[in-house]
Amino acid sequence: MFHGVRTVADTQDYLDRMIESQAADPRVVWELAVVETATGRLVGACDLTCESAGEGDLGFILSKDVWGRGYASEAARAMVRAGFDRLGLTRVFATCDVANPASARVLEKAGLTRVATLERHTFALGRWWTSDLYEVRA
Ligand SMILES: CC(C)(COP(=O)(O)OP(=O)(O)OC[C@H]1O[C@@H](n2cnc3c(N)ncnc32)[C@H](O)[C@@H]1OP(=O)(O)O)[C@@H](O)C(=O)NCCC(=O)NCCS
């Protein structure tokens, strides 16, 4: 991920901001925990950030030890459905590093299609990253 490894202080700051975002009106950030049903363990997060009217930016991250079990696909599908049905969005989009085929596959399984490649899209961790842009419209 573009932020690299977080310190304890960074993590606390992130959690504080996420908790605060839950009370915003209108709520823009929907960052939800991904919890493994069988164990009750927190294994990741999936989010929709709705900074432009009617649009949500989809993201997800899973603990490495549970990769490949379909959790990200399940969470992404649920977020897309909730974005359209509950939040009234008309477009869900996501950007994904061109060298991240697992993320691209998750986006495709959630119904998104690649519509563009964004050259040198983000500067992070000391370098430029090129991303693919994915989207699905209601
Ligand atoms: C991307 C990420 C969320 C995927 O999580 P996951 O729970 O393993 O995803 P799923 O099991 O639901 O699905 C992964 C899919 O990618 C496929 N895949 C995994 N590695 C792959 C690779 N190297 N090449 C092609 N496909 C790959 C899997 O086969 C699976 O597809 P399938 O169900 O058709 O077989 C996880 O790797 C992660 O947290 N990465 C770091 C954070 C990140 O990159 N987030 C996305 C930012 S846009």
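The residues of the chain are indexed from 1 along the displayed sequence. Note that the structure is predicted; figures quoted are calculated from it, not measured.
When hydrophobic clusters are built by joining Ile, Leu, Val, Met, Phe, Trp and Tyr residues whose side-chain heavy atoms come closer than 4.5 Å, directly or via intermediates, Val28 is grouped together with Leu15. Side-chain heavy atoms closer than 4.5 Å link hydrophobic residues (I, L, V, M, F, W, Y) into clusters, and following such links, even through other members, never connects Val34 to Ile61. Linking ILVMFWY residues whenever their side-chain heavy atoms come closer than 4.5 Å, directly or via other members, places Val80 and Leu87 in the same cluster. If you chain together hydrophobic residues whose side chains sit under 4.5 Å apart, Val98 and Val106 never meet in one group.
For Glu36 against Thr39, the heavy-atom pair with the smallest separation is OE1-OG1, 2.6 Å. Across every non-hydrogen atom of Tyr14 and Arg6, the tightest pair is CD1-NH2, 3.7 Å. Among all heavy-atom pairs drawn from Cys50 and Gly56, the shortest one is SG-CA, 4.1 Å. When all heavy atoms of Arg77 and Lys109 are compared, the closest pair comes out as NE-O, 3.1 Å. Counting all heavy atoms, side chain and backbone alike, Ala110 lies closest to Ala76 at CB-CB, 3.8 Å. Pairing each heavy atom of Arg91 with each of Phe93, the nearest pair is NH1-CD2, 3.5 Å.
Counting non-hydrogen atoms of neighbouring residues, nucleotides and ligands closer than 6.0 angstrom, the CD atom of Gln22 exceeds 12 such neighbours. Within 6.0 Å of CZ in Arg114 there are 12 or fewer heavy atoms belonging to other residues, nucleotides or ligands.
Leu89 is listed as a side-chain neighbour of Leu48, based on a closest heavy-atom distance under 4.5 Å. Residues Asp65 and Arg41 meet the side-chain proximity criterion, which asks for heavy atoms closer than 4.5 Å. Residues Glu108 and Tyr134 are in side-chain contact: their nearest non-hydrogen atoms beyond the backbone lie under 4.5 Å apart. Side-chain atoms of Met79 and Leu32, non-hydrogen and from C-beta on, do get closer than 4.5 Å to each other.
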>> The test is side-chain contact (heavy atoms from CB on, under 4.5 Å); show your working for Thr122 and Asp97 and say whether it passes.
In response: CA-CA 10 Å; Thr122 304; Asp97 177 33; over 6 Å; no
>> One pair to check against side-chain contact (heavy atoms from CB on, under 4.5 Å): Arg17 and Ser21. What are the steps and the verdict?
In response: CA-CA 6 Å; Arg17 282 188 288 110; Ser21 75; over 6 Å; no
>> Does Phe60 form a side-chain contact (heavy atoms from CB on, under 4.5 Å) with Leu107? I'd like the steps, not just the answer.
In response: CA-CA 10 Å; Phe60 35 75; Leu107 293 171; 3.7 Å; yes
>> Between Trp30 and Arg86, is the side-chain contact (heavy atoms from CB on, under 4.5 Å) condition met? List the steps.
In response: CA-CA 12 Å; Trp30 297 83; Arg86 305 279 292 275; over 6 Å; no
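Side chains of Thr117 and Asp132: a donor on one and an acceptor on the other come within 3.5 Å.
Between the SG atom in Cys46 and the CG atom in Leu58 there is a gap of 5.0 Å [rounded to 0.5 Å]. Separation of atoms CE (Met18) and OG1 (Thr11) is listed at 12.0 Å; rounding is to 0.5 Å.
Under the 3.5 Å distance criterion, the side-chain polar atoms of Asp13 are left unmatched by any main-chain donor or acceptor of Asp10. The backbone N or O of Arg120 lies less than 3.5 Å from a partner atom in the side chain of Thr130, making a donor-acceptor pair.
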